There are 2 protein chains.
Amino acid sequence: MTNALALSALADPTRREVFERLARGPLPVGELALGLPVSRPAVSQHLKILKAAGLVTDRPDGTRRVYQIDPRGLGQIRAWLDQVWDVALDAFRAEVERQAEQDQEQP
Amino acid sequence: MTNALALSALADPTRREVFERLARGPLPVGELALGLPVSRPAVSQHLKILKAAGLVTDRPDGTRRVYQIDPRGLGQIRAWLDQVWDVALDAFRAEVERQAEQDQEQP
DNA sequence: CTAGGGCGTTAGTCATGACTTACCGTAAGT
DNA sequence: ACTTACGGTAAGTCATGACTAACGCCCTAG
């Protein structure tokens with residue numbers, strides 16, 4: 001259900017960049033914005049979306065706010081991927097069996 | 001590189017629906033459009049995007065065009081997910097070691 | 001060879017969302 | 001208490017993309 005949030009969150013290139021940077025270690029917003037081609041408020045907005053998708057968590061650190069990766073979001077996506085994959089595999093097997101039965105009826 | 005295409009392709013709800021339907025078995029465009037809340041041309045456009053992302057393949061069948069799931073696209077996403085996950089794990093381990101060293105210097 | 005079903009494409013419309021600038025709250029440091 | 005760094009929020013702009021209607025092409029059936 002929430003996989004929709006996670007997938008659309010990671011669809012944006014800037015958010016993927018933010019996410020990959022956080023994978024290399026926790027960072028405050030300011031440092032995160034340095035080196036990115038967008039302004040700091042833009043980064044804040046992206047972080048808000050990533051947080052809502054369960055992809056990052058934040059904790060206050062004095063006047064800063066440190067963000068880091070949240071494993072739950074990745075889990076959502078992986079679960080959805082696996083489910084689609086299983087359905088596809090089952091459908092493929094069913095098709096093969098159906099074909100085999102047909103071939104047996106008319107040799 | 002192409003994981004960008006696959007991720008942004010699956011960000012759209014209608015395309016996810018199309019993709020999940022195809023997981024249940026190959027379908028021509030017309031049947032795919034039936035039961036979807038959008039017009040047939042819209043489905044065609046979505047299929048074009050899914051195909052460019054390596055998520056589906058198509059083959060001509062008389063006057064129809066049958067679409068089915070392409071495993072490559074899912075592989076792209078999974079590979080990217082795994083990579084980000086590995087980076088995060090390494091960073092976490094490095095942080096733990098750094099902490100341990102600091103603790104040893106000042107008991 | 002003609003008729004018609006099945007799809008892809010184009011043009012145009014409308015909504016969504018990514019971005020910046022300006023502003024305000026909050027938590028330290030002097 | 002004053003100031004300054006840090007970050008979230010609001011308002012407004014602009015581009016992207018999802019959709020429909022209309023058109024044209026190919027393939028098969030008769």
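Fair warning: this is a prediction, and the values are worked out from it, not measured in the lab.
With distances taken from any side-chain atom of A:Thr63 to the nucleotides C:dG6, D:dC6, C:dC7, the minimum falls on D:dC6. With distances taken from any side-chain atom of B:Ile49 to the nucleotides C:dG5, D:dG8, D:dA18, the minimum falls on D:dA18. Distances were taken from every side-chain heavy atom of A:Gln45 (C-beta onward) to each of D:dT20, C:dC19, C:dG8; the shortest belongs to C:dC19. Of the listed nucleotides (D:dT20, C:dA18, D:dT9), D:dT20 has the atom at the smallest distance from the side chain of B:Ala42. The side chain of A:Arg64 has D:dG7 as its nearest neighbour among D:dA5, C:dC7, D:dG7.
Proximity of A:Ser39 to the phosphate of C:dT20: a side-chain N or O atom is located under 4.0 Å from OP1 or OP2. Dashed line: the shortest gap from a side-chain N or O of B:Thr14 to OP1 or OP2 of D:dC19 is under 4.0 Å. Look at A:Arg15 and you'll find a side-chain N or O under 4.0 angstrom from OP1 or OP2 of C:dA18. For B:Tyr67 and C:dG8, the shortest distance from a side-chain N or O to OP1 or OP2 is below 4.0 Å. For C:dC19, the OP1/OP2 oxygens have a side-chain nitrogen or oxygen of A:His46 closer than 4.0 Å. One finds a side-chain N or O of B:Ser44 lying less than 4.0 angstrom from the OP1 or OP2 phosphate oxygen of C:dG8.
Shown here for A:Ala9 and A:Ile49, the closest heavy-atom pair between the two residues is CB-CG2, 4.1 Å. When all heavy atoms of B:Phe19 and B:Val56 are compared, the pair lying nearest together is CD1-CG1, 4.2 Å. Taking each heavy atom of A:Thr57 and A:Asp70 in turn, the nearest pair found is CG2-OD2, 3.4 Å. Taking both residues in full, the closest heavy atoms of B:Pro26 and B:Val66 are given as CB-CG1, 3.8 Å, listed atom of the first, atom of the second, then distance. Considering all non-hydrogen atoms of both residues, B:Arg16 and A:Asn3 come closest at NE-OD1, 4.4 Å. Taking all atoms of both residues into account, the shortest heavy-atom contact from A:Tyr67 to A:Leu22 is O-CD2, 3.4 Å.
A donor and an acceptor atom sit less than 3.5 Å apart, one in the side chain of A:Arg40 and one in the base of D:dG7.
We find that CG of A:Leu47 is positioned 7 Å from P of D:dG8, with the value rounded to whole Å. Taking atom NZ of residue B:Lys48 and atom C1' of nucleotide D:dA18, one finds them 14 Å apart after rounding to whole Å. Nucleotide D:dG8 holds its C1' atom 11 Å from the NZ atom of A:Lys51, rounded to whole Å. For the pair B:Asp58 CG and C:dT9 P, the computed distance is 10 Å after rounding to whole Å. Going from atom CG of B:Asp61 over to atom P of D:dC26 covers 18 Å, rounded to whole Å. The interatomic distance linking B:Arg59 (CZ) with C:dG6 (C1') rounds to 16 Å, in whole Å. What separates CG of B:Leu32 from P of C:dG6 is a distance of 15 Å, to the nearest Å. In this entry the distance linking CG of A:Leu36 with P of C:dA18 reads 15 Å, nearest Å.
Residue B:Pro41 is classed as a base contact, given a heavy-atom separation below 4.0 Å to a base.
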